[in-house]
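Step one of this worksheet: look at the structure below.
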Amino acid sequence: MRILFLGAPGAGKGTQCKRLAAKLNLPHLSSGDLLREAVKQGTPAGVAAKGFMDKGQLVTDAILIDMFRERLSGPSCANGFILDGFPRNIAQAKALDLLLEELKAQLNCVINLEVDDSLLSDRITGRRTCGNKGCAQVFHVKFAPPKKEGICDDCGAELTQRSDDKEDLVAARLKTYREQTEPLIEYYGGKGNLQTVGGEGDPDEIFEAIMTTLNTNCLIKK
Ligand code: AMP
């Protein structure tokens, strides 16, 4: 099963993809997580990406395309994958088409998580992530607070805020999304495998809606 998630920053892609990956036993490939890890490790890709990420801009296509070519061709993706954050513009989507053609594979489903603009900013600035990489549970100061402020419910590690989730960068990230990523809705709509799921409200109910969509419209087998 090969699934791609679309949606604005703050739409809840990361949260839902993590759950889906556990449920379907598929790798969750988050471009943002891969880039943040590359920055942390100081790899050449990370060094090149950091300046763009700090400004809320898209990182150079070639970096992402190489990164995903390597992952998608590897054995861990042989049975499928869940893509989150890649592609982020039409050029990347076309590169993914080519890559899938080479791998003789196709996307079974593209899910667009739809959330009203008015909610996105609050969702992003209140997001807190567990600093323990093995856990990486996501909370929200208002909508999904941890039992103890600043501490992960699951593993007890400290929660952190992503540097690009701070208020001053949110507008730039949403602008980048509108200009470069939103056109992908039309791109995949034209290919006939796009499904829209409402991303507002209770995360459990959103997950149920995603599973129903996959079962009814994308015929998942596991
Ligand atoms: P995210 O965690 O998906 O919100 O991504 C965080 C940042 O990583 C974005 O603001 C971009 O700077 C960069 N990024 C993530 N995915 C991509 C992509 N597919 N293409 C270019 N830049 C990306």
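One-based numbering, in listed order, for ligands and for the atoms of each.
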Polar proximity ligand 1 side, R88 side, N/O cut 3.5 Å exclusive | yes
Note: V59, heavy atoms under 4.0 Å from ligand 1, region reported as both
Any idea which part of D33 is under 4.0 Å from ligand 1, heavy-atom wise: side chain, backbone, both or neither?
-> neither
Using 4.0 Å as the upper bound for N to carboxylate O, is an ion pair formed by D117 and R178?
-> yes
Answer yes or no: does an N/O atom from L35 fall short of 3.5 Å to an N/O atom of ligand 1?
-> no
Could you tell me whether a side-chain N or O of T160 sits under 3.5 Å from a main-chain N or O of G131, the two making a donor and an acceptor?
-> no
Does ligand 1 have a heavy atom under 4.0 Å from the side chain of R162, from its backbone, from both, or from neither?
-> side chain
Between R36 and D33, is there a side-chain N and carboxylate O pair less than 4.0 Å apart?
-> yes
Identity of the nearest option to atom 8 (O) of ligand 1, non-hydrogen atoms only, from M53, R173, Q92 = M53
Strictly under 4.0 Å, does any heavy atom of R36 approach an atom of ligand 1?
-> yes
Is a salt bridge present between R162 and D164, judged by a nitrogen-to-oxygen distance below 4.0 Å?
-> yes
Flag this pair as yes if the NZ/CZ of R19 is under 6.0 angstrom from the six-membered ring centre of F207 and inside a 45 degree cone about the axis; otherwise no.
-> yes
Does K18 come within less than 4.0 Å of D84, counting only side-chain N to carboxylate O?
-> no
Among S31, P9, G10, whose heavy atom sits nearest atom 15 (C) of ligand 1?
-> S31
Please determine if D97 and K191 form a salt bridge, counting it only when a charged side-chain N lies under 4.0 Å from a carboxylate O.
-> yes
Could you check atom 12 (O) of ligand 1 against the protein and tell me its nearest heavy-atom contact, residue, atom and distance included?
-> Q57 O, 2.6 Å
Short list, please: which atoms of ligand 1 are under 4.0 Å from a heavy atom of G85?
-> 16 (N), 17 (C), 18 (C), 19 (N)
